[in-house]
*Asks:* 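There's a structure below that I have some questions on.
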Amino acid sequence: MSEPTRLLIVGGVAGGASAAARARRLSEDAEIVMFERGEHISFANCGLPYHIGEVIPDRKSLLIQTPEAMARRYRIDVRTQCEVVSIDPQAHTVAVRDVESGVETTEKYDKLILSPGAAPVAPPISGVDLPGVHTLRNIADMDAIKRSVDDCAHERAVVVGGGYIGLEMTEALRLRGVEVTLVELADQVFIAADSEIVAPIHRQLISRGVDLKLGVAVSAIEAADNGLKATLSSDESVECGLVIMAVGVRPEVDLARAAGLEIGRTGGIAVDEHMQTSDPDIFAVGDAVEVTELVGGARALIPLAGPANRQGRIAADNVFGRPSVYRDTQGTAICKVFDLAIGMTGMSEKSLLRSELKYEKIYIHPASHAGYYPGAAAMTVKLLFDPENGRILGAQAVGAAGVDKRIDVLAVAIRAGLTVRQLQDMELSYAPPYGSAKDPVNYAGFVASNVLSGDVNICHTPDMIDPRDDQLLLDVRTTGEVDGGTIARAVNIPLDDLRDRLDELPTDKELLVFCAAGLRGYLACRILSQNGFSCRNLTGGYKTFMAVTEKGLD
């Protein structure tokens, strides 16, 4: 591949800006021009809600790279407030319109990198264009929302959508003293994760005074005497001064589609492993492209900043003749919700079911660090794996501390193709303030490996809700714990009494055993199985049972 003399880049932020910087590092001779229809080419879009909430007080800290600095350091021709409105692949030209003047010019390219990003979804709701209704995509959106909160001191806001932006904006507004009604059409927030992992997030939102509406949509928005009124599908109405629409994003592919580039079946721009589109001289990166899921191999739209940065670098490599490859997206992500963090990597149970892939799952409830050291916080970890070979398929975690560390380790394990047995052997940093001698990652590996080895058979919450006639539920917690709640129809024999009371248990029934978190249930099953009983242990114990069965709204 000959080196291009003129490279045009459409769009900045994560994908476009990283492509431009990498391109200049690879070639001092190429002419590189970046077009951005907005005012800013590189900003921390993930930090926007935190400035609104005044966690990040300095607005300038969100501006990662200015056009002037980019031009000075990299000698890149940065043209802000210039929108590329069409591409002519045959002529190798783009039409560029100056946003302020409306004047259009034509620019020639040898190679073209598209980084148009994704736009907030605008649901077909009357009133979404009213003053006081906002989306959050860029610095201008952030400024408008913050100015509204600063100036008017709204008593209540309605946030529509419980994804990343919706949750982060809910927290930001509550930090500013604004009452928030969070409306989510699904039966849970953070829809990418499984419901039992999200249950603590629901409780956290409610404990922080959020009016959480699940399974509800906003059907209309209209002007009211004191601002706005949002009408819900539940026939309720909420008067507010501010509405944040955060129902999701869609890839911006109009430019690519009009140019005749292939669009994938998920709606993103189709690219190969080199980030090359169906036109060999045009590359595409970031939230606008369709990617392949690392674990399941399905095509997907996964708009995350980390992958966009890597894709920009890879596209520039290939433009300049370096055969770099993008090795799929595994969807590693984390979200802060007040005092909790929820994170995930790989496939969820929901996505595994959709893909019809075989899987098993285990739950553990470890502490974030050594329990005897002050400040240890409980977390829940869910590990999904292939029941035949133990390959790790996905992981999720929720808790007040340590979630990021464990999800990152498990993300590396998935990327490396490790099995749950190899998690047992991981040597991770340990000191009482930071972890445990048996880290939660090791612990998850021990529990899953016991299942693979047949040392224990496990069961899940649906088994406990409606046991068969030939099954008996056995609660091996202490009587004091049982007094605080148990599963219907369960017989209680504390673990420490079990060996002396085996004669009270039927030998013609399968015993479904549970404790608080799974460990004592496992120990009980080891005793029972070696004494001739058929038994299974409820993975994650009563804590997981409650998370699966609760609605999170009580």
Side-chain angles (χ1 to χ4, degrees), residues 46 159 161-168 170-171 182 184-206 210 212 214-215 246-249 293-296 298 300-304 306-307 329-355 357 359-366 378-385 392-411 413-414 440-441 444 460-461 539-540 543-553:
C46 295
V159 176
Y164 295 97
I165 295 297
L167 290 170
E168 291 163 358
T170 294
E171 179 175 351
L182 175 56
E184 170 55 57
L185 180 59
D187 60 0
Q188 67 171 81
V189 300
F190 203 74
I191 192 66
D194 295 323
S195 60
E196 70 276 21
I197 301 298
V198 176
I201 300 297
H202 292 165
R203 294 195 299 271
Q204 178 77 181
L205 289 166
I206 294 167
V210 176
L212 181 59
L214 298 176
V247 296
V249 296
E293 288 181 334
L294 175 69
V295 176
L301 297 172
I302 306 177
L304 294 170
T329 301
Q330 67 190 83
T332 304
I334 192 167
C335 185
K336 177 183 180 296
V337 185
F338 297 102
D339 292 335
L340 293 182
I342 181 169
M344 63 185 300
T345 186
M347 298 185 75
S348 65
E349 185 173 3
K350 289 182 289 192
S351 61
L352 286 165
L353 286 169
R354 286 194 299 268
S355 301
L357 296 175
Y359 70 92
E360 186 54 276
K361 60 185 177 182
I362 59 97
Y363 300 88
I364 59 172
H365 302 281
M379 73 172 76
T380 293
V381 178
K382 178 179 183 178
L383 187 66
L384 298 143
F385 57 96
I392 305 166
L393 304 176
Q396 299 170 46
V398 62
V403 167
D404 54 343
K405 173 180 177 179
R406 277 68 192 206
I407 287 297
D408 285 347
V409 172
L410 290 166
I414 290 173
V441 172
H460 300 287
T461 295
T539 178
K543 289 183 180 180
T544 294
F545 177 87
M546 292 301 295
V548 173
T549 56
E550 73 178 9
K551 299 298 183 183
L553 296 177

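Because the structure is predicted, anything quoted here is derived from the model rather than measured.
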*Asks:* What pairs with S351 under side chain to side chain donor-acceptor pair (under 3.5 Å), at least two apart in sequence or on another chain?
*Replies:*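 With sequence neighbours excluded, S351 shows a side chain to side chain donor-acceptor pair (under 3.5 Å) to S348, given in chain and number order.
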
*Asks:* Contact between E196 and Q396 at the side-chain level, heavy atoms closer than 4.5 Å - yes or no?
*Replies:* no

*Asks:* Work out which heavy atom in G166 is nearest to a heavy atom in A246; give both atom names and the distance.
*Replies:* N-CB, 3.7 Å

*Asks:* Give the minimum heavy-atom separation between P307 and T329, together with the two atoms involved.
*Replies:*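 Closest pair (atom of P307, atom of T329, distance): CG-CG2, 4.1 Å.
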
*Asks:* Measuring only between side-chain heavy atoms, which start at C-beta, is E168 closer than 4.5 Å to I165?
*Replies:*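 Contact flag for E168/I165 side chains = yes.
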
*Asks:* Heavy-atom distance under 4.5 Å between the side chains of L214 and H202, does that happen here?
*Replies:*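 In short, these two side chains touch, coming nearer than 4.5 Å.
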
*Asks:* Could you tell me which residues satisfy side chain to side chain donor-acceptor pair (under 3.5 Å) with K543, sequence neighbours excluded, listed by chain and number?
*Replies:* none

*Asks:* List for me each residue that meets ring pair (Phe, Tyr, Trp, His ring centres under 6.0 Å) alongside F190, sequence neighbours excluded, and say none if there are none.
*Replies:*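 Y164.
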
*Asks:* Rounded to the nearest 0.5 Å, what's the gap from CG on L212 to CG on L182? Could you check?
*Replies:* 5.5 Å

*Asks:* Considering residues at least two apart in sequence or located in another chain, which fulfil the salt bridge (charged side-chain N to carboxylate O under 4.0 Å, His left out) criterion with E349?
*Replies:*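 E349 satisfies salt bridge (charged side-chain N to carboxylate O under 4.0 Å, His left out) with K361, K382 only.
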
*Asks:* With S195, which residues qualify under side-chain contact (heavy atoms from CB on, under 4.5 Å), at least two apart?
*Replies:*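 Partners of S195 under the side-chain contact (heavy atoms from CB on, under 4.5 Å) test: Q188.
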
*Asks:* Please identify each residue that fulfils side-chain contact (heavy atoms from CB on, under 4.5 Å) with A397, with sequence neighbours left out.
*Replies:* V381, V403, I407

*Asks:* Considering residues at least two apart in sequence or located in another chain, which fulfil the side chain to side chain donor-acceptor pair (under 3.5 Å) criterion with Q204?
*Replies:*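 Q204 satisfies side chain to side chain donor-acceptor pair (under 3.5 Å) with no residue once adjacent residues are dropped.
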
*Asks:* Can you name the closest pair of heavy atoms from A192 and M344 and give their distance?
*Replies:* O-CE, 3.3 Å

*Asks:* Return the OG1 to CE distance between T461 and M546, rounded to the nearest 0.5 Å.
*Replies:*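 So the OG1 of T461 and the CE of M546 are separated by 10.5 Å.
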
*Asks:* Restricting to non-hydrogen atoms, name the atom on V189 and the atom on G162 that form the minimum distance, rounded to 0.1 Å.
*Replies:*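 Distance-wise, the nearest heavy atoms are CB-O, 3.5 Å.
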
*Asks:* Output all residues satisfying side-chain contact (heavy atoms from CB on, under 4.5 Å) with A401, sequence neighbours left out; order by chain, then residue number.
*Replies:* S368, A377

*Asks:* Mind checking the CG-CZ spacing from L383 to R406? Nearest 0.5 Å is all I need.
*Replies:*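 It comes to 14.0 Å.
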
*Asks:* For the residue pair I392 and L384, establish whether any side-chain heavy-atom pair is separated by less than 4.5 Å.
*Replies:* no

*Asks:* Is I364 close to I362 at the side-chain level, that is, under 4.5 Å between some pair of heavy atoms?
*Replies:*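 Of all side-chain heavy-atom pairs linking I364 with I362, at least one is under 4.5 Å.
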
*Asks:* Suppose we screen for side chain to side chain donor-acceptor pair (under 3.5 Å). Which residues come up paired with E171, at least two apart in sequence or across chains?
*Replies:*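 If we apply the side chain to side chain donor-acceptor pair (under 3.5 Å) test to E171, skipping adjacent residues, the hits are K336.
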
*Asks:* May I ask you to test the L205-F338 pair for a side-chain heavy-atom distance under 4.5 Å?
*Replies:* yes

*Asks:* For A300, which residues count as a side-chain contact (heavy atoms from CB on, under 4.5 Å) partner, sequence neighbours excluded?
*Replies:*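 Partners of A300 under the side-chain contact (heavy atoms from CB on, under 4.5 Å) test: E293, I302.
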
*Asks:* Kindly compute the distance separating CG (L410) from CD (Q330), expressed to the nearest 0.5 Å.
*Replies:*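 One gets 10.5 Å once the value is rounded to the nearest 0.5 Å.
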
*Asks:* Quick one: CG on L393 to CZ on F385, what's the gap to the nearest 0.5 Å?
*Replies:*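 That separation rounds to 9.0 Å.
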
*Asks:* Report the residue from L352, L294, I414 that forms a side-chain contact (heavy atoms from CB on, under 4.5 Å) with M347.
*Replies:*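 Testing each of L352, L294, I414 against M347, the sole residue satisfying side-chain contact (heavy atoms from CB on, under 4.5 Å) is L352.
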
*Asks:* Can you name the nearest heavy-atom pair linking A400 to L340, along with the distance?
*Replies:*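 Smallest heavy-atom distance, with atoms named: N-CD2, 3.7 Å.
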
*Asks:* L304 versus T332: any side-chain heavy-atom pair under 4.5 Å?
*Replies:*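 No, too far: nothing below the 4.5 Å cut-off.
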
*Asks:* Locate the shortest heavy-atom distance separating T345 from A411; write the atom from each residue and the value.
*Replies:*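 So the minimum-distance heavy-atom pair works out to OG1-CB, 3.5 Å.
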
*Asks:* Between T544 and H365, is any side-chain donor less than 3.5 angstrom from a side-chain acceptor?
*Replies:*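 A pair is found: one side chain offers a donor N or O, the other an acceptor, under 3.5 Å apart.
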
*Asks:* Which pairs, with at least one residue in residues 337-348 and sequence neighbours excluded, count as a salt bridge (Lys or Arg N to Asp or Glu O under 4.0 Å)?
*Replies:*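 Counting only pairs at least two positions apart or across chains, the salt bridge (Lys or Arg N to Asp or Glu O under 4.0 Å) contacts touching residues 337-348 are R208-D339.
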
*Asks:* With side chains defined as the heavy atoms from C-beta onward, is the minimum distance between I191 and K350 less than 4.5 Å?
*Replies:*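 Yes, side chains in contact.
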
